[in-house]
Amino acid sequence: MSKERNKRILLELAKLPENSRCADCGAPEPDWASYKLGVFVCLNCSGIHRSLSSRVKSIRLDFWEDDLVEFMKSTGNANAQVVYEKAVPPYYYRPLENDCNVLRDQWIRAKYQRMEFTGETKYPPLAYTTGFHEGMLWKKGKGNMQFLKRKFVLSEREFTLMYYNKEDESKGPKAVIPIKDLNATFQPQKIGHPHGLQITYQDEDKTRNLFVYHDSPEEIVVWYNAIRAARYAYLKTAYPTGSDEELVPKITRNYLKEGYMEKTGPLQKEPFKKRWFILDSQNRKLLYFKDLLDAEELGVIFIGTESNGYSVRECVPKSARGNKWKCGIMVETPERQFVFMCEQEREQKEWLNALRKVLSRPMSPQDYTAEAHIRYRR
């Protein structure tokens with residue numbers, strides 16, 4: 001009887017608004033719980049808790065003793081959050097359910113194992129809070145798939161990220177990258193490493209990529225949050241009246257859609273060539289590269305709004321020279337029409353939906369400036 005009663009109590013507790021999402025990634029309807037911490041978590045996060053020896057049980061399948069149920073009643077996600085997330089910096093990335101494992105793993109370890117956000121003064125200070133970070137990262141070479149160890153230096157005061165090509169630093173950095181237009185996003189599958197990080201920035205008129213990783217999951221997430229801290233400091237300087245609600249979403253971003261499509265030229269008679277595309281919805285840019293790990297873009301298409309002469313639709317190309325794929329997309333801008341081919345209908349629909357999502361968003365004053373700049377490039 002007590003087994004069924006306790007199960008019913010736990011299921012009712014999990015339906016309360018404060019417990020209805022995973023305490024760590026926000027996934028809906030968590031059906032696991034840590035009876036050491038008193039939090040309700042999803043299946044994925046429960047596995048990370050188990051690896052920390054944080055005792056977890058299924059609220060549906062496992063037997064719960066009366067005292068553990070009472071502990072869950074007295075704690076819950078909201079009370080645990082007050083303790084373990086008391087002092088999370090505004091720039092620190094809080095992972096969501098679809099984020100990569102290294103982000104969720106390190107967030108859980110930072111909260112419950114390292115107790116980084118309890119509000120107590122840390123000494124030495126946490127690496128991402130100091131405004132300066134340096135160390136070695138594995139960086140992909142420009143023209144090949146080889147990763148080489150390179151020294152990186154991040155300075156919040158200078159708003160720069162630098163890296164050196166050789167051990168000899170007297171020759172100066174290979175690149176000094178302004179924080180102003182920098183983005184960082186985890187790309188484990190694309191890079192082929194569970195800690196793979198893509199850093200994107202503007203170099204004169206071109207968008208460039210760096211692909212890096214660190215063998216330590218803690219260290220790569222420190223780099224990510226140190227970059228976010230520097231970006232946050234820059235945005236606070238650039239937009240002094242901006243609220244955290246406005247600025248935090250601009251710190252870094254994941255791209256709305258990526259993948260291969262075939263592309264033809266402006267006359268739509270040129271041979272189709274396979275290219276890697278990235279849709280950066282925040283900047284309203286559709287970038288294309290020769291391959292998925294290329295350092296420099298081949299071109300960029302601005303995606304405005306329908307009222308400004310932009311549209312997207314399915315299409316059948318005038319010429320099929322060189323193309324192997326059959327599912328067409330036409331992106332129309334005030335200057336020209338772009339025709340792309342997707343391998344599968346599912347990919348075509350995903351691209352159409354993603355592009356329409358950008359088209360439906362009103363343009364900001366900064367968007368009009370970016371549009372004019374891209375037109376001027378041409």
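The figures that follow rest on heavy atoms only: side chains count, while hydrogens, waters and symmetry mates do not.
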Kindly give the heavy-atom pair with the smallest separation between Phe132 and Thr130, and that separation in Å.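 Between these two residues, the closest heavy atoms are O-OG1, 2.8 Å.
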
Locate the shortest heavy-atom distance separating Ser281 from Val358; write the atom from each residue and the value.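 So the two residues come closest at CB-CG2, 3.7 Å.
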
By side-chain contact (heavy atoms from CB on, under 4.5 Å), which residues pair with [X], not counting sequence neighbours?
X	value
Asn44	Cys42, Arg104
Ser243	Glu245, Glu246
Glu345	Cys327, Gln348, Lys349
Arg157	Ser155

Backbone of Met261 reached by a side-chain donor or acceptor of Arg275 within 3.5 Å: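 Answer holds: no.
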
When you measure from the side chain of Arg150 to the backbone N and O of Asn165, does any donor-acceptor pair fall under 3.5 Å? yes

Would you be so kind as to tabulate the donor-acceptor pairs closer than 3.5 Å made by side chains of residues 13-31, with sequence neighbours excluded?
unit_1, atom_1, unit_2, atom_2, d
Asn19, OD1, Asn77, N, 2.9
Asn19, ND2, Leu13, O, 3.0
Ser20, OG, Pro17, O, 3.0
Arg21, NH1, Gly26, O, 2.7
Asp24, OD1, Lys111, NZ, 2.7
Asp24, OD1, Tyr112, OH, 2.8
Asp24, OD2, His49, NE2, 2.6

Among residues at least two apart in sequence or on other chains, which ones pass ring-ring contact (aromatic ring centres under 6.0 Å, His included) with Tyr201?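 By the ring-ring contact (aromatic ring centres under 6.0 Å, His included) rule, Tyr201 matches no residue at all.
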
Hits for ring-ring contact (aromatic ring centres under 6.0 Å, His included) against Tyr255, two or more places apart or cross-chain, chain-then-number order -> none

Using 0.5 Å steps for rounding, measure from the [atom1] atom of [X] to the [atom2] atom of [Y].
X	Y	atom1	atom2	result
Gln282	Lys250	CD	NZ	6.0 Å
Met72	Phe40	CE	CZ	3.5 Å
Asn183	Asp280	CG	CG	7.0 Å

I'd like to know whether the aromatic ring centres of Tyr128 and Tyr92 sit less than 6.0 Å apart in this structure. yes

Option passing side-chain contact (heavy atoms from CB on, under 4.5 Å) with Pro217 (candidates Leu103, Val222, Val102): Val102

Should we say atom NZ of Lys122 is surrounded by more than 12 heavy atoms from elsewhere, each under 6.0 Å from it?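 Result for NZ/Lys122: enclosed.
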
Please tabulate, one pair per line, all N/O donor-acceptor pairs under 3.5 Å involving side-chain atoms of residues 191-199, not counting sequence neighbours.
unit_1, atom_1, unit_2, atom_2, d
His193, ND1, His195, N, 3.0
His195, ND1, His214, O, 2.8
His195, ND1, Asp215, O, 3.4
Gln198, OE1, Gln187, NE2, 3.2
Gln198, OE1, Lys190, NZ, 2.9
Gln198, NE2, Thr200, OG1, 3.4
Gln198, NE2, Asn209, OD1, 3.2

Tyr35 reachable from Leu11 in the ILVMFWY side-chain graph, under 4.5 Å edges: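 Same hydrophobic cluster.
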
Answer yes if Phe152 and Val176 sit in the same cluster of Ile, Leu, Val, Met, Phe, Trp and Tyr residues linked by side chain heavy atoms under 4.5 Å apart, and no otherwise.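 No, because Phe152 and Val176 fall into different hydrophobic clusters, even though each may have its own neighbours under 4.5 Å.
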
Sequence neighbours excluded, every pair satisfying salt bridge (Lys or Arg N to Asp or Glu O under 4.0 Å) that has a member inside residues 356-372: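 Every salt bridge (Lys or Arg N to Asp or Glu O under 4.0 Å) pair that includes a residue of residues 356-372, provided the two are not neighbours, is Arg284-Asp367, Glu371-Arg375.
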
For Asp294, give me all partners under side chain to side chain donor-acceptor pair (under 3.5 Å), at least two apart in sequence or on another chain.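 In terms of side chain to side chain donor-acceptor pair (under 3.5 Å), with neighbours along the sequence ignored, Asp294 is linked to no residue.
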
I'd like to check the side chain to side chain donor-acceptor pair (under 3.5 Å) partners of Lys7; sequence neighbours left out, ordered by chain and number. none

Please name all residues satisfying salt bridge (charged side-chain N to carboxylate O under 4.0 Å, His left out) with Lys57, sequence neighbours left out, ordered by chain then number. Glu65

Determine the sole option in Trp351, Trp325, Phe277 for which the ring pair (Phe, Tyr, Trp, His ring centres under 6.0 Å) test with Phe340 is passed.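 Single ring pair (Phe, Tyr, Trp, His ring centres under 6.0 Å) partner of Phe340 among Trp351, Trp325, Phe277: Phe277.
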
